[in-house]
Amino acid sequence: MHDLSVLNKPQREAVECLEGPLLVLAGAGSGKTRVLTYRIANLIQHGVAPWNILALTFTNKAAREMRERTEALVSASAADMWVMTFHSCCTKMLRFDADKIGYERNFLIYDDGDQMNLITDILKQMGKNDKNVPKRQIKEMISDAKNMANDPVAYLEESFADDLTIEVFKRYQKRLKEANAFDFDDLLLKVVELLKKNPDVLEKYRKKFKYVLVDEYQDTNAVQYELIELLCREHSNICVVGDDDQSIYGWRGADIRNILDFEKDFKGAKVIRLEQNYRSTSQILDAANAVIKNNTGRKSKTLWTDKKGGEKITYELVPTEREEASYICKTILQNVKNGAKYSDHAILYRMNAQSRVLESTLINYGIPHKVYGGMRFFERKEIKDILAYLRLIYNPNDDVSFLRIVNVPKRSIGDSTLKKLADKAEEMGESLFVAAMDDTGLDSKTASKLRSFTDTMAELMAMCATMPLSLFTEELINHIGYEAYLRSEDKKGETEGRMDNLRELVGNIAEIEKDVDEDSEITALQAFLENVALVSDIDGMNDENDTVSLMTLHSAKGLEFERVFIAAMEENIFPSSRANARLSLDDMEEERRLCYVGITRAKQKLYLISCETRMLFGSYSSNRRSRFVDEIPPELIEMPQPKKQQATLSSFGGSSSALYPQHASAHMLTKKTETVASKPKTAQSPVAKQFSVNDKVRHAQFGEGTVVNVSGTGSTMVVNIHFADGKIKNFAAAYAPIEKI
């Protein structure tokens, strides 16, 4: 039996409210996962069967944590409960009933790369030069249309989409259907279609899911709202947990009105506010409250904590983005020297493009780090190639996978051959692979080229049916001569690294394989491909890795770190130029909510940095300090102080904000302040270490090595060290944890 005494009063009230609609407004760090898991456990303790509970969230990481914590409370398996992401839930529903809307159950899920490849192929078929067409924009418009409405074509027409986009959309959907595939947005849209067109299926799920819980409700879009409403319309036993102040996905269809209008949508709803924060110090929370209160479209709540005091927020103004990165690195090294771990630190930024300078500087300082939201493991070429083989084996109608691998490794199959094949497939009304298997109607030369591929695929399909998937994947890589192919294409010495990635892939398959029972309705191949389609790199974060985390502010939502740096706190970057240019209250309020999310990721210490001049996207700009910095009360933040006026401030009790009028330009601030990029307040002056070529040294993380090159002197010295594993790394000698042996 679980102990409710560990809950605070509002948490317990939410856990014990079992019937009817319930809105839990859960501020950042207020224990919403605890409320959800205890509420599930309490439902089971009060006689609700686990299979009558549906709990939905947005990330696999959150779903996994909810399942594990629930199992610990009820001391039973959560296998009978559907505790999963929206997309996993919809995938599961479609695996049971896709045939009722005209699809086979062995459908594929197309990821972003597959979608872009399909759009490219459609444009070629239309005789368009795909290099002159904004393919990414078309793809995003298709996604928006599916997220916003049940009739995407009507939505596109009403939103004044051009004729090309509408025609591409129609062909895109037709090709998906022919390939028996769904894209990510279809998973939701098609389940809503399934439930609306099949009252018996809807009734089945209404009876099954007597209690529905939704995490991060502020992030739901129109289609997700409709799905929830369909399932809960009759019993109204719905509990949603969310925070309107953390609604940051409006750009991808999330509708903040879903949480703001919950009481209107579900009559008699009870509202409980969770305002006690268990994550951050009062200094950080007071800053977050001060920023977010400037938004008008929100439900009132004020975060508070028992962790009184704490360090002030540090604001730093530096000359350029390189000094910004250097300041962050030096501060991290000083914190580590004082006992912190690298993994205590996160560097957050508004857009992925900002990570380039930060990452290269971290490398130069020898700081272990991982970038989240960059190229994901499953997006690497070698991984995508082998996945395409597995996908085509699973579903021979997958034209996207066929086109990716028909000439990988090289089989002298060019565009003219593929054009002939595409024409034949069109005539037959079949997929490219099925058409390639049939020699009739093709000249002998074309047929011979294609036969080398189809024969290989036939052999692989036969092997796959008789071997464990992990062993088969190893054999597949060998059978097609993939390593030799990589070496023939390798111009940068990347073959070994790529093969290491493939070994990691085989290991990943083996892990999933273990979880699939022999008598399961789902095969290991189906389970693996489904997992790949639904996974994100944030799901794979490992708390045991002692590395600095780099990610966008959007990616950081739901995470927490001891020390957080938010880079580029500048107008036109954060808030973004798009929000400024539109002069839209909604856009600016979403940017402010994003700032609130960033601030509340920090547990102990928050650093905000801006630059006088920044190069981004190949051009220089000088932007004013972000308005969000100025919305933080002066008593909570350390600002650069003008030398001559410091005495006046302390004598007359003046505030630093008087010296920095709101949105004062970075150039003006520079003239008044002492810039300390090379000597941050939080770091001591570096001790200039001297190294020479052939010195034997020891690095705290990488072990022993030999200095092979030295450049610069004193605090600017950079050393190149050759380590025992054969790798050569560069370090800033004054800051890296290196000592002579």
Side-chain angles (χ1 to χ4, degrees), residues 25-29 32 58-59 137 140-141 143-145 147-148 159 214-225 240-262 287-303 348-354 373 538 551-559 564 566-602 606 608 610 623-632 662-663:
L25 289 171
K32 68 178 179 63
F58 281 83
T59 68
Q137 183 178 332
E140 296 303 331
M141 290 182 73
S143 180
D144 286 347
N147 283 323
M148 295 293 188
S159 59
V214 184
D215 189 17
E216 305 287 9
Y217 189 63
Q218 76 282 347
D219 294 335
T220 52
N221 61 28
V223 180
Q224 287 160 333
Y225 170 83
V240 302
V241 180
D243 182 4
D244 51 303
D245 289 335
Q246 295 186 72
S247 178
I248 59 173
Y249 296 116
W251 51 277
R252 70 181 189 198
D255 191 343
I256 193 173
R257 292 175 300 178
N258 290 349
I259 192 167
L260 295 179
D261 294 344
F262 183 81
N289 288 329
V291 170
I292 200 64
K293 76 177 184 182
N294 291 286
N295 274 4
T296 57
R298 63 186 293 260
K299 291 178 178 286
S300 64
K301 77 182 79 66
T302 302
L303 295 180
L348 311 182
Y349 34 82
R350 181 62 182 81
M351 49 192 144
N352 276 311
Q354 293 170 244
I538 295 295
M551 65 189 76
T552 64
L553 286 145
H554 283 98
S555 295
K557 186 167 171 293
L559 304 177
V564 170
I566 304 182
M569 293 293 294
E570 298 151 31
E571 292 288 306
N572 296 318
I573 295 180
F574 191 33
S576 71
S577 56
R578 188 168 56 180
N580 269 327
R582 289 177 179 172
L583 296 176
S584 160
L585 179 64
D586 289 344
D587 290 330
M588 190 56 70
E589 294 209 341
E590 181 153 320
E591 291 287 302
R592 186 173 282 107
R593 291 193 293 270
L594 188 57
C595 183
Y596 173 83
V597 166
I599 292 172
T600 53
R601 297 313 92 194
L606 176 66
L608 308 175
S610 59
N623 295 305
R624 300 173 298 187
R625 181 174 69 204
S626 170
R627 68 190 68 195
F628 303 145
V629 175
D630 295 310
E631 290 173 357
I632 298 173
Q662 208 166 37
H663 310 161

Which atom of L303 lies closest to which atom of G27, heavy atoms considered
CD2-CA, 3.6 Å

Only one of D255, N258, V214 forms a side chain to side chain contact (heavy atoms under 4.5 Å, CB included) with Y225, so which one is it?
N258

Where R601 and A28 come nearest, the two heavy atoms and their spacing
NH2-CB, 3.9 Å

So L606 and I599, side chain to side chain contact (heavy atoms under 4.5 Å, CB included) or not? Walk me through it.
CA-CA 7 Å; L606 176 66; I599 292 172; 3.9 Å; yes

Can you see which heavy atom on L553 is nearest to which on F574, and at what distance?
CD1-CE2, 3.7 Å

Partner set under ring-ring contact (aromatic ring centres under 6.0 Å, His included) for Y349, not counting sequence neighbours:
none

I need the minimum non-hydrogen distance between S247 and E590, along with the two atoms involved.
O-CG, 3.9 Å

Check K301, R593, R592 against D245 for a side-chain hydrogen bond (donor to acceptor under 3.5 Å, both in side chains) and give me the one that passes.
K301

Looking at K32 and E216, is there a salt bridge between them, counting it only when a charged N and a carboxylate O are closer than 4.0 Å?
yes

Residues in side chain to side chain contact (heavy atoms under 4.5 Å, CB included) contact with A568, at least two apart in sequence or another chain:
E324, Q354, E570, I573, R614

Salt bridge check, R298 against E589: does any charged N sit closer than 4.0 Å to a carboxylate O?
no

Quick one: pull up CD in E631 and CG in N289 and give me the separation to the nearest 0.5 Å.
13.0 Å

Between the CG atom in L25 and the CG atom in D243, the distance rounded to the nearest 0.5 Å is 7.5 Å

Between D219 and K557, is the closest basic N to carboxylate O distance under 4.0 Å?
yes

How far does CG of D244 sit from CZ of F262, to the nearest 0.5 angstrom?
13.5 Å

